[in-house]
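Numbering of residues begins at 1 and proceeds along the displayed sequence.
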Amino acid sequence: MAKDTTPGHPDRAEDMAREGKRLSRSFGRLAALGILLAIGGVVGLVYTGLATLTSMLLFGWLLLIGGVVGLLQAIQSRGTSYFWLAVVVAALNIAAGIVVIRHPEGSAEALTMFAALLFLTGGVFRLVGSVVVRGPQFGWTLLQGAFGLLLGLLVLFDWPESSRYVLGVFFSLALLFDGLGLIAIGVGGRRIVGMVTPEPAVAAGAPPESSESATDQSNN
């Protein structure tokens, strides 16, 4: 006999309740991960030097692992037209990863200089573009350009001392905001699942007893 899958059927309600619990646990784990990331971001903002070294080592290991994986894929695709290009790219990633891991402070100085130049050029382009175009977002674009230019100048004037905290601050802020986003998704998801998941008594198909029937049973 086929199983009844109508919305009011007890089996269907039990399945919905079990699925709701599973989704609630998943959103709970997501919120827990967000809490860990947010705590890591706060700790990184307090210890910016440690966060800078950690971010550089993580970046170096990512380059190294990516280069090894790319090299293995290039070996598997030998004989193709892009074989040597893949080998060269993988070798560059491996070399860059080794350099970053062995010299994290010097790599942080180079990346900080590169970031300062990006801020400067981006700020100048936004300033010039906002003045020339004068579009509907003129004020916002002008403010973004001025902020980027100011940030680039501050980082550049304090270089190489700024390399000890700039990358750590960016890395920590990224962790903090990612963690807060995961917390919001996890808490909101659990709330939504709780709103649409039937109660255990309803899922079992047992209607709640009325107060009058409970009184009659106690009198008997």
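Among the candidates Ile75, Val69, Leu71, the single residue satisfying the side-chain contact (heavy atoms from CB on, under 4.5 Å) test with Gln73 is Val69. Shown are Val155, Thr52, Leu117; of these, the side-chain contact (heavy atoms from CB on, under 4.5 Å) with Thr112 is made only by Val155.
Contacts classified as ring-ring contact (aromatic ring centres under 6.0 Å, His included) and involving residues 93-127 (residues at least two apart or in different chains) are given here: Phe119-Phe170.
One hydrophobic cluster holds both Phe177 and Leu45 under the rule that ILVMFWY side chains link at heavy-atom gaps under 4.5 Å. A continuous path of ILVMFWY side-chain contacts below 4.5 Å connects Leu62 to Leu175, so both sit in one hydrophobic cluster. Residue Leu173 is not grouped with residue Leu118 when hydrophobic side chains (ILVMFWY) are merged at heavy-atom distances under 4.5 angstrom, including chains of intermediate members. Cluster membership for Leu58 and Leu33, using ILVMFWY side-chain heavy atoms within less than 4.5 angstrom, is shared. Leu92 and Met56 are members of different hydrophobic clusters when ILVMFWY side chains are connected at heavy-atom separations under 4.5 Å.
Side-chain contact between Leu120 and Leu149 is present, with at least one heavy-atom pair separated by less than 4.5 Å.
Between the side chain of Ser172 and the main chain of Val169, no donor-acceptor pair closer than 3.5 Å is present.
Taking CD1 of Ile185 as the reference point, atom CG of Leu180 lies at 11.0 Å (rounded to 0.5 Å). A distance of 7.0 Å separates CG in Leu57 from CD1 in Ile101, rounded to the nearest 0.5 Å. Within the model, atoms CG of Leu167 and OG1 of Thr54 stand 12.0 Å from one another, a figure rounded to the nearest 0.5 Å. We find the CD1-CH2 distance between Ile98 and Trp61 to be 9.0 Å, quoted to the nearest 0.5 Å. Separating the CD atom in Glu109 from the CD atom in Glu105 is a distance of 7.5 Å, to the nearest 0.5 Å. Interatomic distance, CD1 of Ile35 versus CG of Leu30, reported as 10.5 Å (0.5 Å rounding).
Nearest heavy atom pair, residue Ala51 against residue Phe171, reads O-CD2, 4.0 Å. Between Leu63 and Ala96, the shortest heavy-atom contact is CD1-CB, 3.9 Å. Across all non-hydrogen atoms, the minimal contact from Ala74 to Ala86 is CB-CB, 3.7 Å.
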